[in-house]
Amino acid sequence: MKINDVVKAEEGEIFDIELDENILKANAELAQQNRELLRKQGVKAIDVMGSIGAGKTSLIEKMVQKLKTHYRIAVFKGDLTTTIDAEIIGKHGVNVVAINTGKECHLDANLVQKALRRLDLEATDLLFIENVGNLICPAEFPLGSEKRIVVISVTEGPYMVVKHPFIFMDADVAVINKIDLAEAMGVDIAKLQNDVKKINPKTKTVTTNCRTGKGVDQVIAALNL
Amino acid sequence: MHEGSITSQIVENVLREAEKRKAKRVLEVHLEIGKLMFLNPEQVHFWYQMLTKNTILEGSQLLIEEKPGTVKCPKCGYEGDFQYVDDPALHMPMPTLNCPKCDGTVKIVSGKDCFIKTVKMLI
Ligand SMILES: Nc1nc2c(ncn2[C@@H]2O[C@H](COP(=O)(O)OP(=O)(O)OP(=O)(O)O)[C@@H](O)[C@H]2O)c(=O)[nH]1
Ligand SMILES: [Mg+2]
Ligand SMILES: [Zn+2]
C-alpha cells in the first residue's frame, strides 16, 4: 500500500475566546448619536413604518401639506432601489433625501446618519423618515427618532396587528388607513383598534383615509405637532 | 427577513476578532439569539455558510442558542414572560405589554438582542 497523502493536523493551539459581543449595539449607539444631534439642532424626527403599500407616503404627503406653513419640513425616504416615493413627496416643495437600502429590508441608524449629513439641520424643524415597507425588521433597528408611527391598512385583512405585535409595542401612534375600503373588505376597525390597545395600552390609534385626508388632523394631534 | 444583514455582521465581527489575534482558523462560533429578534436559526445557518466561504471561518461550526424574552413591570415589580392573549381566531397566542399581575404596562428587559458568546480559534 502506498500512501499518497498524509493528513496533518494544523499547527497551533485551540483557544476558547469569550466575546460577549452584542450585534445590535453598533446600531443602537449610532441611533443614540442621531437622537442627540437632532435634539441639539431642534429637529423633531418621526419614523413612519408600516406594511408595503399601506399608505405611508400618502400619509406623509397629507401631513406635509397641512404642516408646511408651520414647520420647515424634510423627508427621508428609504426604499430598496427606486426613488419613486421621494419624487412624489418632493413635489410638495420640501427637502427630500432618498435612501436606497439596496438588499436590506429596513433602514438602519448608519444610513440615517449619512442622510442627516446631507441635510441643512439648521433649516429644518420637522423630519419624517419613511422606512421600507415591512412590519418585522424595523422594530429591531432604532434610528434615533423621537416618535414612531406604524401604518397599516384594512386591505391587509383583520390579523395585521396581532401577527406583528412587536412593531406596535414600540409605536406612539398606530394609523389604520384606507377605512373607505373597510366595508368592502369586511374588516372590523374597532377590533383592529382594540388589538393595538391590548398590545400596548399607550399607543394611540387613528383611523384615516389618506386619499381624502380624513383623520390626518388626528394623526397630527396624536404626534403633538 | 433580516437574517442576511445580522449574519453578515456576525461574520464581520468574528473575522475582525480572529485577525486581531492572528488566528489561523475559526472552529466554532457560539451565538445567543433573543426570541424577540425573530431570526429563523435555519436561515442564519444558511447565510453563515454562504458568507464564510473562502474565509478562515469556512467550515466552522455555528451553535445557536435561543433565549426567551422577559419583561418587567415598573408598577408591581413582576418579572418574567409576557402576558398572552388567546384569540380563537389566531393560530398563536399574542404577546402584550399588559402586566400579568396588575394593570401596569410592562417593559421588555431581554430577548431583543443577539450576542456572540464565545469563539473557538486555532491560533
Ligand atoms: N382607497 C384608498 N387608497 C389609499 C389610501 N391611502 C393610500 N391609498 C393608495 O394606496 C396606494 C399605496 O399608497 P402609498 O402611500 O404609496 O403606500 P406606501 O405605504 O408608501 O407604499 P410603499 O412605500 O410602496 O410600501 C396608492 O395607490 C394610494 O393612492 C386610502 O386611505 N384609501
Ligand atoms: Mg411609500
Ligand atoms: Zn404589574
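Just so we're on the same page: letters track the sequence lines, and every chain starts at 1.
- A salt bridge does not link B/E19 with B/R16: none of the charged nitrogens is closer than 4.0 Å to a carboxylate oxygen.
- Neither the backbone nor the side chain of A/K25 comes within contact range of chain B, judged by heavy atoms closer than 4.5 Å.
- Per-residue heavy-atom pair counts under 4.5 Å with chain A were compared for B/V106, B/D113, B/L97, and the maximum is reached by B/L97.
- Surrounding NZ of B/K112 are more than 12 heavy atoms belonging to other residues, nucleotides or ligands, all under 6.0 Å away.
- With a 4.5 Å cut-off on non-hydrogen atoms, A/N27 does not touch chain B at all.
- Residues B/K24 and B/I56 come closest through the heavy atom pair O-CG2, 3.3 Å.
- Contact count versus chain A (heavy atoms, under 4.5 Å) is highest, among B/I6, B/L36, B/I10, B/V14, for B/L36.
- Residue B/F46 places its CZ atom among 12 or fewer non-hydrogen atoms of other residues, nucleotides or ligands, all under 6.0 Å distant.
- Counting heavy-atom pairs under 4.5 Å between each of A/L24, A/D108, A/N22 and chain B puts A/N22 at the top.
- Neither the backbone nor the side chain of B/L31 comes within contact range of chain A, judged by heavy atoms closer than 4.5 Å.
- No option in A/M63, A/K44, A/E61 other than A/M63 meets the side chain to side chain contact (heavy atoms under 4.5 Å, CB included) test with A/F128.
- Both the backbone and the side chain of A/F15 come within contact range of chain B, each with at least one heavy atom under 4.5 Å from a heavy atom of that chain.
- For chain A, the nearby parts of B/Q9 are the backbone and the side chain; heavy atoms of each come within less than 4.5 Å.
- Heavy-atom distances place no part of A/F168 under 4.5 Å from chain B, backbone and side chain included.
- Proximity of B/K75 to B/D103: side-chain heavy atoms (C-beta onward) are separated by under 4.5 Å at one or more points.
- For A/Q32 and A/E36, the side-chain atoms include at least one donor-acceptor pair closer than 3.5 Å.
- Between chain B and the residues A/D20, A/L19, A/N200, A/I17, the largest count of heavy-atom pairs under 4.5 Å involves A/I17.
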